[in-house]
Novice: 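Shown below is the structure under consideration.
What you see is a predicted model, and the numbers here were worked out from it, not measured in a lab.
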Amino acid sequence: MTGTLIFDADWLTPEQIQMDGKTINYLAAHDIQYVQHPVAPIQRLNVFVPAAYENGGTVNGYTRDTAPIFMPNTVGGYFPGPADDPTRTQWPNNAATIKQALKRGYVVIAAGLRGHTTVNEAGQRVGQAPAFIVDMKAAVRYVKYNQARLPGNVERIITNGTSAGGATSALMGASGNAKFFEGALTSLGAAPATDDIFAVSAYCPIHNLEHADMAYEWQFNGINDWNRSQPVAGSMKNGRPKFESITGTLSANDQSLSADLKRQFCDYLNGLQLHDANGQALTVSPDGTGTFQNYLVQLLTDSAQSALDKGVDIHKYAGFTVTNGKVTGLDLKAYLTSLTRMKAVPAFDQLDLGSLENRLFGDATVLNRHFTSFSQEHTTVPAQLAETELVEAVNPLTYLTGKQSAKIAQHWRIRHGAADRDTSFAIPIILATVLQNQGQDVDFALPWDIPHSGDYDLGELFAWIDGLCQ
């Protein structure tokens with residue numbers, strides 16, 4: 001039954017790359033089918049192993065059997081994420097990350113994952129939710145099934161991703177072995193193994209989509225001008241589009257919708273019954289203030305203080321009061337105004353079905369669907385509403401709050417830049433706080449002046465992994 005899913009060590013062949021003037025030698029196996037019945041060519045993975053392990057050597061204290069297995073993805077915007085490679089130059093890629101991981105002694109396994117534009121040989125769409133996470137789970141199952149044949153420690157699998165890829169990484173950590181995905185995995189012919197993982201690295205995860213619009217308006221309500229970049233049609237170069245800036249102002253109706261969503265967020269947040277490390281309840285009042293907002297202010301203040309200690313001029317953004325080298329106050333509204341709003345209303349489940357997330361929840365026959373009852377009620381175009389069970393299934397919070405059972409990763413590193421406008425600060429804070437409240441090991445921060453991006457602190461990331469695995 002599973003013969004085609006057996007990894008052959010003879011597939012590993014010597015390769016090398018240059019980094020910082022030095023040669024990194026490694027073994028590589030490319031284009032490996034990780035399910036028996038793939039529906040799209042992207043469902044393949046690459047394996048990269050430090051060459052020292054071939055002859056019983058060590059790297060950074062790791063051996064062939066003890067090395068962590070680092071599984072990055074290239075998903076962004078819930079588009080397809082091709083299997084990565086340290087020599088890949090076409091966008092998207094994390095080639096520099098893989099190089100650094102190999103130098104650190106990690107086994108790197110990079111799987112290709114379907115996205116909302118993926119089609120099969122017949123031209124049918126096969127990449128809408130939950131395809132991205134089904135593929136990631138299938139790749140992990142392939143790795144675990146081949147634990148005696150693949151180098152690396154399958155008990156030390158760490159996922160990594162940015163934006164929608166960060167959501168993929170986080171969902172892997174939250175939904176280990178969840179029953180919802182079994183039918184899809186069986187249909188693909190996934191390996192008979194588990195898919196829970198050891199640790200999660202998630203940069204600015206675009207997740208919790210059914211509550212993201214509420215959170216965005218809790219943060220930006222009252223700030224009516226927006227600006228963002230969008231791809232220029234027909235401008236693709238090396239796989240990547242050029243971008244142009246567009247601006248706008250919320251209409252009176254938009255502002256009314258913003259106020260409605262802000263009120264809904266208060267109910268949602270308070271229903272989570274979160275608390276900080278001292279046991280103080282984190283809540284939001286009807287006007288949006290409260291201990292949860294105070295917690296955000298403290299996180300941003302800590303981020304600014306860290307930058308100030310390094311000699312950075314934090315007054316690039318408004319709102320901070322500095323006294324004798326210490327950040328002593330923050331006017332949050334002033335800071336957010338200087339940061340600027342990026343998205344109109346609603347931010348994700350757009351009323352005209354125009355967002356990438358609307359496409360994520362389409363299906364084989366319908367290109368785009370709404371995924372919140374709010375947008376379905378206010379839609380400006382004929383629309384269908386995605387199934388609640390599907391929307392919940394691709395939200396890490398579904399498993400973390402007990403709506404569905406799963407095996408949760410023990411260790412989490414979550415980063416969301418203090419200059420990131422793509423989703424509300426509340427979204428990663430909720431994720432981190434729910435995990436902390438459940439006793440998971442969480443390393444969370446809002447790095448100063450970092451926009452929507454990832455893999456910008458690889459030294460710190462890999463030091464965190466080494467601290468867990470060595």
Novice: Would the number of heavy atoms belonging to other residues, nucleotides or ligands and lying under 6.0 Å from CD of Glu54 be above 12?
Specialist: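 No, CD of Glu54 has 12 or fewer neighbouring heavy atoms, counting only those of other groups under 6.0 Å.
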Novice: If you compare all heavy atoms of Ile17 against all heavy atoms of Lys99, which two are closest, and at what distance to 0.1 Å?
Specialist: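 Looks like CD1-CG, 3.1 Å.
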Novice: Does His37 have any side chain to side chain donor-acceptor pair (under 3.5 Å) partners at least two apart in sequence or in another chain, and if so, which?
Specialist: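 None.
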Novice: Please collect all salt bridge (charged side-chain N to carboxylate O under 4.0 Å, His left out) contacts where either partner lies in residues 419-443, sequence neighbours excluded, each pair once.
Specialist: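 Passing the test, one end in residues 419-443: Arg415-Asp443.
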Novice: Side-chain donor-acceptor pair under 3.5 Å between Asn153 and Thr66, yes or no?
Specialist: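 Asn153 vs Thr66: no donor-acceptor pair found between side chains.
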Novice: Given 3.5 Å as the limit, does a donor-acceptor pair link the side chain of Asn177 with the main chain of Asp195, or not?
Specialist: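 Looks like yes, one N/O pair under 3.5 Å.
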Novice: Show the nearest heavy-atom pair for residues Asn60 and Gln470, with the distance to one decimal.
Specialist: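 Between these two residues, the closest heavy atoms are O-NE2, 2.8 Å.
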Novice: Strictly under 6.0 Å, is that where the ring centroids of His30 and Phe48 end up?
Specialist: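 Distance test on ring centres: under 6.0 Å, yes.
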Novice: Of all residues at least two apart in sequence or in a different chain, which pass the side chain to side chain donor-acceptor pair (under 3.5 Å) check with Glu182?
Specialist: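 Arg141.
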Novice: Give me each pair satisfying salt bridge (charged side-chain N to carboxylate O under 4.0 Å, His left out) with a member in residues 458-470, each pair once, sequence neighbours excluded.
Specialist: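 Passing the test, one end in residues 458-470: Arg104-Asp466, Arg413-Glu460.
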Novice: Write out all pairs satisfying salt bridge (charged side-chain N to carboxylate O under 4.0 Å, His left out) with one or both partners inside residues 24-48, taking only residues at least two apart or from two chains.
Specialist: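 The answer is Asp31-Arg44.
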Novice: Verify ring pair (Phe, Tyr, Trp, His ring centres under 6.0 Å) between Tyr53 and Tyr62, making sure each step is shown before the conclusion.
Specialist: CA-CA 9 Å; Tyr53 298 154; Tyr62 297 117; 8.0 Å; no
Novice: Does the side-chain contact (heavy atoms from CB on, under 4.5 Å) test come out yes or no for Leu367 and Arg125, once each step is laid out?
Specialist: CA-CA 9 Å; Leu367 182 61; Arg125 292 190 295 275; 4.0 Å; yes
Novice: Counting only N and O atoms by type, is there a donor-acceptor contact under 3.5 Å from the side chain of Thr379 to the main-chain atoms of Val381?
Specialist: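 Flag set: sc Thr379 to bb Val381 pair under 3.5 Å.
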Novice: Could you list the residues that satisfy salt bridge (Lys or Arg N to Asp or Glu O under 4.0 Å) with Lys144, not counting sequence neighbours?
Specialist: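 Scan of Lys144 (salt bridge (Lys or Arg N to Asp or Glu O under 4.0 Å), adjacent residues dropped) gives Asp196.
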Novice: Where do Ser424 and Trp218 land on the side-chain contact (heavy atoms from CB on, under 4.5 Å) test, with the steps shown first?
Specialist: CA-CA 8 Å; Ser424 169; Trp218 167 77; 4.1 Å; yes
Novice: Which atoms form the tightest heavy-atom contact between Ile197 and Ser169, and what is the distance?
Specialist: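 In terms of heavy atoms, the two residues are closest at CD1-O, 4.5 Å.
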Novice: Residues two or more places apart in sequence or in another chain: which of them pass side-chain contact (heavy atoms from CB on, under 4.5 Å) with Val366?
Specialist: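 Testing Val366 for side-chain contact (heavy atoms from CB on, under 4.5 Å), a comparison that skips the adjacent residues, returns Asp363, Arg369, Gln384.
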Novice: Heavy-atom count check: over 12 atoms from other residues, nucleotides or ligands less than 6.0 Å from Gln273 CD?
Specialist: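 No.
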Novice: Taking the six-membered ring for Trp, are Tyr145 and Phe7 ring centroids under 6.0 Å apart?
Specialist: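 No; Phe7 has its ring centre 6.0 Å or more from that of Tyr145.
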Novice: Short question: side chain of Ser175, backbone of Leu171 - any donor-acceptor pair under 3.5 Å?
Specialist: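 Yes.
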Novice: Check side-chain contact (heavy atoms from CB on, under 4.5 Å) between Ala40 and all other residues, then give those that pass, not counting sequence neighbours.
Specialist: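 So Ala40 forms a side-chain contact (heavy atoms from CB on, under 4.5 Å) with Ile42, Gln43, Arg114, Thr118, Val126.
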Novice: Just by distance, do the side chain of Gln219 and the backbone of Phe425 share a donor-acceptor pair under 3.5 Å?
Specialist: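 Looks like yes, one N/O pair under 3.5 Å.
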Novice: Are His275 and Gln280 side-chain neighbours, meaning at least one heavy-atom pair lies under 4.5 Å?
Specialist: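 His275 vs Gln280: side chains apart.
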Novice: Using modelled atom types only, decide if a donor and an acceptor are shared between the side chain of Asp85 and the backbone of Thr87 within a distance under 3.5 Å.
Specialist: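 Here the side-chain-to-backbone pair exists.
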Novice: Can you say whether the rings of His116 and Phe79 are parallel (under 30°), tilted (30 to 60°) or perpendicular (over 60°)?
Specialist: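 His116 vs Phe79 ring planes: tilted.
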Novice: Please check if the side chain of Ser306 supplies one atom and the backbone of Ser303 the other of a donor-acceptor pair under 3.5 Å.
Specialist: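 Looks like no, no N/O pair under 3.5 Å.
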Novice: Sequence neighbours left out, what passes side chain to side chain donor-acceptor pair (under 3.5 Å) with Gln18? Give chain and number order.
Specialist: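 Thr23.
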Novice: Is Ile98 close to Phe70 at the side-chain level, that is, under 4.5 Å between some pair of heavy atoms?
Specialist: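 Answer no - side chains too far apart.
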Novice: Ring-plane angle category for Tyr268 and His211, please: parallel below 30°, perpendicular beyond 60°, tilted otherwise.
Specialist: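 Ring orientation of Tyr268 relative to His211: parallel.
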Novice: Do Asn368 side-chain atoms and Gly362 backbone N/O form a donor-acceptor pair below 3.5 Å?
Specialist: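 Such a contact is absent between Asn368 side chain and Gly362 backbone.
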Novice: Would Thr97 and Asp455 count as having a side-chain donor-acceptor pair, cut-off 3.5 Å?
Specialist: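 Yes, Asp455 and Thr97 have a side-chain donor paired with an acceptor closer than 3.5 Å.
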Novice: Verify side chain to side chain donor-acceptor pair (under 3.5 Å) between Asp349 and Asn358, making sure each step is shown before the conclusion.
Specialist: CA-CA 6 Å; Asp349 192 358; Asn358 289 129; 2.8 Å; yes
Novice: Provide the closest heavy-atom pair for Tyr216 versus Lys343 in the form atom of the first, atom of the second, distance.
Specialist: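 Smallest heavy-atom distance, with atoms named: OH-N, 3.2 Å.
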Novice: Under 3.5 Å, is there a donor-acceptor pair between the side chain of Lys179 and the main chain of Ala406?
Specialist: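 Between the backbone of Ala406 and the side chain of Lys179 there is no qualifying donor-acceptor contact (under 3.5 Å).
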Novice: Scan for salt bridge (charged side-chain N to carboxylate O under 4.0 Å, His left out) pairs involving residues 149-161, sequence neighbours excluded, and state none if there are none.
Specialist: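 Matches after skipping sequence neighbours: none remain.
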Novice: Is the backbone N or O of Asn94 less than 3.5 Å from a side-chain atom of Asp84, with the two atoms forming a donor-acceptor pair by type?
Specialist: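 Confirmed, Asp84 side chain pairs with Asn94 backbone.
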Novice: What's the shortest heavy-atom distance between Leu300 and Leu446, and which atoms?
Specialist: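 Minimum heavy-atom contact is CD2-CD1, 3.9 Å.
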Novice: Give the minimum heavy-atom separation between Ala426 and Phe265, together with the two atoms involved.
Specialist: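 It is CB-CZ, 3.8 Å.
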Novice: Tell me, please, which residues at least two apart from Asp449 pass side chain to side chain donor-acceptor pair (under 3.5 Å).
Specialist: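 Partners of Asp449 by the side chain to side chain donor-acceptor pair (under 3.5 Å) criterion, ordered by chain and then number, come out as Lys316, Tyr317.
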Novice: Carefully, step by step, assess Leu150 and Ile109 under the rule side-chain contact (heavy atoms from CB on, under 4.5 Å).
Specialist: CA-CA 10 Å; Leu150 273 168; Ile109 300 179; 4.2 Å; yes
Novice: Please check this pair: side chain of Tyr106 against backbone of Phe462, looking for a donor-acceptor N/O pair closer than 3.5 Å.
Specialist: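 Such a contact is found between Tyr106 side chain and Phe462 backbone.
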Novice: In Å, rounded to the nearest 0.5 Å, how long is the span from CZ of Phe361 to CG of Leu209?
Specialist: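 Here the interatomic distance stands at 5.0 Å.
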Novice: Can you name the salt bridge (Lys or Arg N to Asp or Glu O under 4.0 Å) partners of Glu392, sequence neighbours left out?
Specialist: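 Counting only residues at least two positions away or on another chain, Glu392 forms a salt bridge (Lys or Arg N to Asp or Glu O under 4.0 Å) with Lys403.
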Novice: Using the side-chain contact (heavy atoms from CB on, under 4.5 Å) rule, take Leu360 and Gln128 through it: C-alpha gap first, then chi angles, then the decisive distance, then the call.
Specialist: CA-CA 5 Å; Leu360 173 67; Gln128 287 88 357; 5.6 Å; no
